[in-house]
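See structure below.
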Amino acid sequence: MPLRLDSIEPDFETRFTDLLGAKRESSQDVNDTVATIIADVRRRGDEAVVELTNRFDRADVTAQTLRFTAGEIASAAAQVPANVRAALQTAHDRIRSHHQKQKPEDHVYTDALGVTLGSRWTAVDAVGIYVPGGLASYPSSVLMNAVPAHVAGVSRIAMVVPTPNGEINPAILAAAQIAGITEIYRIGGAQAVAALAYGTATIPRVDKVTGPGNAYVATAKRQVFGQVGIDMIAGPSEVLVIADGSANPAWVAADLIAQAEHGAGAQSILVTTDARLADAVEREVDRQLTLLPKGDMAREGWDELGAIITVASLDEAAGIANRIASEHVELALDDPQALLPAIRHAGAIFLGHHTPEAIGDYVGGSNHVLPTARSARFASGLGVLDFMKRTSILGCTPSSLSALAEPAVTIAGVEDLDGHGRSISIRLNH
Ligand SMILES: NC(=O)c1ccc[n+]([C@@H]2O[C@H](COP(=O)([O-])OP(=O)(O)OC[C@H]3O[C@@H](n4cnc5c(N)ncnc54)[C@H](O)[C@@H]3O)[C@@H](O)[C@H]2O)c1
Ligand SMILES: N[C@H](CO)Cc1c[nH]c[nH+]1
Ligand SMILES: [Zn+2]
């Protein structure tokens, strides 16, 4: 049973706070397990990666087979039916055209004192993209990671993907082929993140690791941050649907189930102004779960972390959505534009009855790698800028240096850094 809350109940705040705390990206157990795995990979390199991969994925790899060969990629991709390839190509092209619009421009100008100021964008040299593959397989996540990296101009893209029982969905490799990825390793979990961050004999280290994954992957990214860059914490999926009486309960239920089926830690929440809709959606979820092959997994998620919250107004619904800061927020309303400005914290917002979140997972064109676990309060979804960095440019002439010297030397003095002051004053009148 999902949690049922009504904002007029006296204990609402306490129960809502419990709900906010319920979805923890990583428990102490996961933190400890991940720290041990990372330390092991740093110490023993390939040997640890192979051992952990065979233990967690039952994959039967050796250091020699960690990397897919060009022949393996080509023959797996060739097995993919033409309609699947065409669908992946459509997704690729739409993601690419949207992400091309995110490319930032350099700018340089000279201010009134004659100081040249500017910002220059350059790509990260080498990135590791994580494609999840434990409970489900995600060809779409190959594209969501690889396309913005290419658009940014990254020269080396190394992809990792777990192969449970030694198997890979050929569509993963077809997506990689479409996206032009050739360096692919059969590894997942914390050991893959550690190998990318620290490097092994077989897997050269990268500068940044991106991509979604389960709690082990999200925690590993958190732990290697600093050694490498990371995009964000993109852990188990979430959706929050804001609906009023205009919503179709069957459609809302289908969207809640779609996130719950991502498995462990996935969370689906409905916030509605209409008590009758709340009851109808709860009944619909139960009915539809019996129709799905993966209904059991989705039911587990719905029972464990699902919630239906009844509120008095759409403004109140927006306030609750902002406090939860969900990965996805759907506005299942006749006039979604009216509420849009009020939603400030969300990884992605889906407008109106005809925009199910799943269309964004695949072919909408926007990125599905999005911040989870309330990190949308401060983080954004994956995009071209995640694969670039900005360098500032500064240039003084003799006269602009003279004009700025006095305040600069003064500040150096109050910081008691005379060497700084001297490096400025030594140039004056030259
Ligand atoms: N936020 C996003 O943008 C986004 C996008 C797509 C998918 N997702 C999420 O990605 C996740 C994919 O999870 P998944 O499990 O299917 O694949 P995964 O690739 O993330 O994780 C599989 C790996 O987890 C590790 N693992 C599993 N159990 C372990 C244990 N007990 N100890 C140590 N390591 C262990 C193994 O190494 C395994 O290879 C889902 O939670 C889904 O919601 C998020
Ligand atoms: N909803 C997931 C997180 O945004 C992404 C995904 C990929 N495939 C299906 N769903
Ligand atoms: Zn999804």
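Atoms within a ligand are numbered from 1 in the order they appear, just like the ligands themselves.
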Taking distance alone, with no angle check, do Glu327 and ligand 2 share an N/O pair under 3.5 Å?
yes
Taking the non-hydrogen atoms of Ala190, is any one of them nearer than 4.0 angstrom to ligand 1?
no
Would you say CZ of Arg120 has more than 12 non-hydrogen atoms from neighbouring residues, nucleotides or ligands within 6.0 angstrom?
no
For ligand 1, which atoms sit closer than 4.0 Å to a heavy atom of Val217?
20 (O)
Within 4.0 Å of some non-hydrogen atom of Leu370, the atoms of ligand 1 are 1 (N), 2 (C), 3 (O)
Name the closest protein heavy atom to atom 21 (O) of ligand 1, giving the residue it belongs to and the distance to 0.1 Å.
Asn214 ND2, 2.8 Å
Quick check on contacts: which atoms of ligand 1 are under 4.0 angstrom from a heavy atom of Pro236?
41 (O), 43 (O)
Please could you name the atoms of ligand 2 that Ser140 approaches to less than 4.0 Å, counting only its heavy atoms?
7 (C), 8 (N)
Specify the protein heavy atom at minimum distance from atom 12 (C) of ligand 1: its residue, its atom name, and the distance to 0.1 Å.
Pro132 CB, 3.6 Å
Does Gly133 have a non-hydrogen atom less than 4.0 Å from ligand 1?
yes
Do the charged groups of Arg323 and Glu13 touch, with an N to O distance under 4.0 Å?
yes
Is it true that Ala136 lies under 4.0 Å from ligand 1, counting heavy atoms only?
yes
Would you say CZ of Arg94 has more than 12 non-hydrogen atoms from neighbouring residues, nucleotides or ligands within 6.0 angstrom?
no
Do me a favour and list the nearest non-hydrogen protein atom to atom 2 (C) of ligand 1 with residue, atom name and distance?
Glu327 OE2, 3.2 Å
Enumerated ligand 1 atoms positioned under 4.0 Å from heavy atoms of Ser237:
43 (O)
Does Gln191 have a heavy atom less than 4.0 Å from any atom of ligand 1?
yes
Ligand 2 to Gln259, heavy atom cutoff 4.0 Å, flagged ligand atoms 1 (N)
Measure from the Zn ion (ligand 3) to each N, O or S atom of Asp361 and report whether any distance is below 2.8 Å.
yes
What protein heavy atom lies closest to atom 4 (C) of ligand 1? Include the residue and the distance to one decimal.
Pro212 CB, 3.1 Å
Tell me whether Gly134 has any N or O atom under 3.5 angstrom from an N or O of ligand 1.
yes
Where ligand 2 meets His328 - atom numbers and elements under 4.0 angstrom, heavy-atom basis
1 (N), 3 (C), 4 (O)
Which ligand 1 atoms are under 4.0 Å away from a heavy-atom of Gly188?
37 (O), 39 (O)
Taking 4.0 angstrom as the limit and counting only heavy atoms of Tyr362, give me the atoms of ligand 2 inside it, by number and element.
8 (N), 9 (C)
Where ligand 1 meets Tyr130 - atom numbers and elements under 4.0 angstrom, heavy-atom basis:
18 (P), 19 (O), 20 (O), 21 (O)
Looking at atom 26 (N) of ligand 1, what's its closest protein heavy atom, distance included?
Tyr216 CD1, 3.8 Å
Is it the case that ligand 1 has an N or O less than 3.5 angstrom from some N or O of Pro162?
no
Output yes if His262 passes the N/O/S-under-2.8 Å test against the Zn ion (ligand 3); output no otherwise.
yes
Among all protein non-hydrogen atoms, which one is nearest to atom 40 (C) of ligand 1, and what is the separation to 0.1 Å?
His262 O, 4.0 Å
Ligand 2 contacted by Met144 (non-hydrogen, < 4.0 Å):
no
Mind checking whether Trp251 and His354 have parallel, tilted or perpendicular rings, split at 30° and 60°?
perpendicular
The closest protein heavy-atom partner of atom 5 (C) of ligand 2 is Asp361 OD1, 3.4 Å
Check ligand 1 against Ala234 and write out every atom of the ligand that is under 4.0 Å from a heavy-atom position of the residue.
1 (N), 2 (C), 3 (O)
Is a side-chain donor or acceptor of Asp40 paired with a backbone partner of Thr36 at a separation under 3.5 angstrom?
no
Should you measure from each heavy atom of Ser237, which atoms of ligand 2 turn up under 4.0 Å away?
1 (N), 2 (C), 3 (C), 4 (O)
Heteroatom distance test (His262, ligand 2): nitrogen or oxygen, under 3.5 angstrom
yes
Under 4.0 Å from a heavy atom of Thr372: which atoms of ligand 1 are those, numbered in the order shown and with their elements?
1 (N)
Just let me know how Leu135 lines up against ligand 1, side chain, backbone, both or neither, with a heavy-atom cut-off below 4.0 Å.
both
Numbered atoms and elements of ligand 2 in range of Glu357, under 4.0 angstrom, heavy atoms:
1 (N)
Please check if the number of heavy atoms outside Arg58 that lie under 6.0 Å from its CZ is greater than 12.
yes
Before you tell me yes or no, could you show the steps for Arg4 and Asp279 under salt bridge (Lys or Arg N to Asp or Glu O under 4.0 Å), namely the whole-Å CA-CA distance, both residues' side-chain angles and the distance that decides it to 0.1 Å?
CA-CA 10 Å; Arg4 287 289 298 252; Asp279 294 340; 2.9 Å; yes
Would Asp57 count as a polar contact of ligand 1, with the cut-off being nitrogen or oxygen pairs under 3.5 Å?
yes
Regarding Asp46 and Thr200, do their side chains bring together a donor and an acceptor under 3.5 Å, going by distance alone?
yes
A quick test of your reading: do over 12 heavy atoms of other residues, nucleotides or ligands sit less than 6.0 Å from NE2 of His98?
yes
